[in-house]
Amino acid sequence: QVQLAESGGGLVQAGGSLRLSCAAAGRTFSDWHMGWFRQAPGKEREFVAHIIWNGGSTYYADSVKGRFTISRDNAKNTVYLQMNSLKPEDTAVYYCAARNRFKYSGYYYYTSAYEYWGQGTQVTVSS
């Protein structure tokens with residue numbers, strides 16, 4: 001069992017920045033690849049970013065590439081999402097999720113590839 005808790009969301013003007021955090025508790029954090037997803041009202045949950053267990057590789061959705069950076073600190077059991085140059089279309093609830101690095105569960109950009117999810121944190125970008 002892994003418990004995930006996101007924080008750091010809020011209201012920001014377009015062009016601003018936010019840093020989201022996701023704290024994990026339970027099983028060994030380095031056993032898990034981590035992802036960030038988001039869901040806007042009336043839309044499906046979509047992939048944002050992914051980082052492998054040791055931080056050695058990262059992947060991004062085209063819509064956030066060059067603006068968002070995913071990172072992790074295994075000593076602190078935390079994954080981060082630094083969001084810069086925010087746009088109104090980035091407004092959504094942001095979720096972190098964990099997938100077991102010892103078990104193939106599908107491509108990292110599918111929600112079905114992840115075993116555990118946090119409750120989400122709201123990010124609102126005003127124009």
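Closest non-hydrogen pair, Ala97 versus Leu4, comes out as CA-CD1, 3.8 Å. Nearest heavy atom pair, residue Asn54 against residue Asn74, reads CA-ND2, 4.3 Å. Shown here for Ala49 and Leu81, the closest heavy-atom pair between the two residues is CB-CD1, 4.2 Å. Here the closest heavy-atom approach between residue Ser85 and residue Ser17 is recorded as N-OG, 4.3 Å.
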Let's go through Arg27 and Trp32 carefully: what are the C-alpha distance in whole Å and the side-chain angles of both, what is the deciding distance for side chain to side chain contact (heavy atoms under 4.5 Å, CB included) to 0.1 Å, and is it a yes or a no?
CA-CA 9 Å; Arg27 294 168 61 179; Trp32 304 88; 3.8 Å; yes

Would Arg72 and Phe29 count as a side chain to side chain contact (heavy atoms under 4.5 Å, CB included) if you check the C-alpha gap in whole Å, the side-chain angles of each, and the deciding distance to 0.1 Å?
CA-CA 10 Å; Arg72 66 189 293 161; Phe29 187 58; 3.3 Å; yes

Test side chain to side chain contact (heavy atoms under 4.5 Å, CB included) on Thr111 and Glu44; report intermediate values, then the result.
CA-CA 10 Å; Thr111 57; Glu44 291 189 353; over 6 Å; no

So Asn100 and Glu115, side chain to side chain contact (heavy atoms under 4.5 Å, CB included) or not? Walk me through it.
CA-CA 7 Å; Asn100 193 319; Glu115 193 169 341; 4.1 Å; yes

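No donor-acceptor contact under 3.5 angstrom links the side chains of Thr78 and Asp73, judged on distance only.
Using a 4.5 Å heavy-atom cutoff, the side chains of Met83 and Arg19 are not in contact.
The aromatic ring centroids of Phe47 and Trp36 lie 6.0 Å or more from each other.
Tyr116 and Phe37 end up in different hydrophobic clusters when Ile, Leu, Val, Met, Phe, Trp and Tyr side chains are linked at under 4.5 Å. At a threshold of 4.5 Å between side-chain heavy atoms, the hydrophobic network of Ile, Leu, Val, Met, Phe, Trp and Tyr places Ile70 and Val2 in one connected group. Residues Leu11 and Val123 do not share a hydrophobic cluster, clusters being chains of Ile/Leu/Val/Met/Phe/Trp/Tyr side chains in contact below 4.5 Å. Placement of Met34 and Leu20 within a single hydrophobic cluster is found when ILVMFWY residues are connected by side-chain heavy-atom separations under 4.5 Å, directly or transitively. Hydrophobic clustering (ILVMFWY, side-chain heavy atoms < 4.5 Å, transitive): Val48 and Leu18 are in one cluster.
Of the charged side-chain nitrogens involved, at least one lies within less than 4.0 Å of a carboxylate oxygen, so that Asp62 and Lys65 count as a salt-bridged pair.
Classification of the Phe68-Tyr94 ring pair by plane angle, with boundaries at 30° and 60°, yields tilted. Ring-plane geometry between Tyr109 and Tyr107 is classed as parallel, the angle between the planes falling under 30 degrees on a 0 to 90 degree scale with a further cut at 60.
In this structure, Arg99 is not positioned above the aromatic face of Tyr108 in the sense of NZ or CZ being under 6.0 Å from the six-membered ring centre and within 45° of the axis. Figure legend: Arg45 and Tyr95 shown as a cation-pi pair, the cationic atom lying under 6.0 angstrom from the six-membered ring centre and within 45 degrees of its axis.
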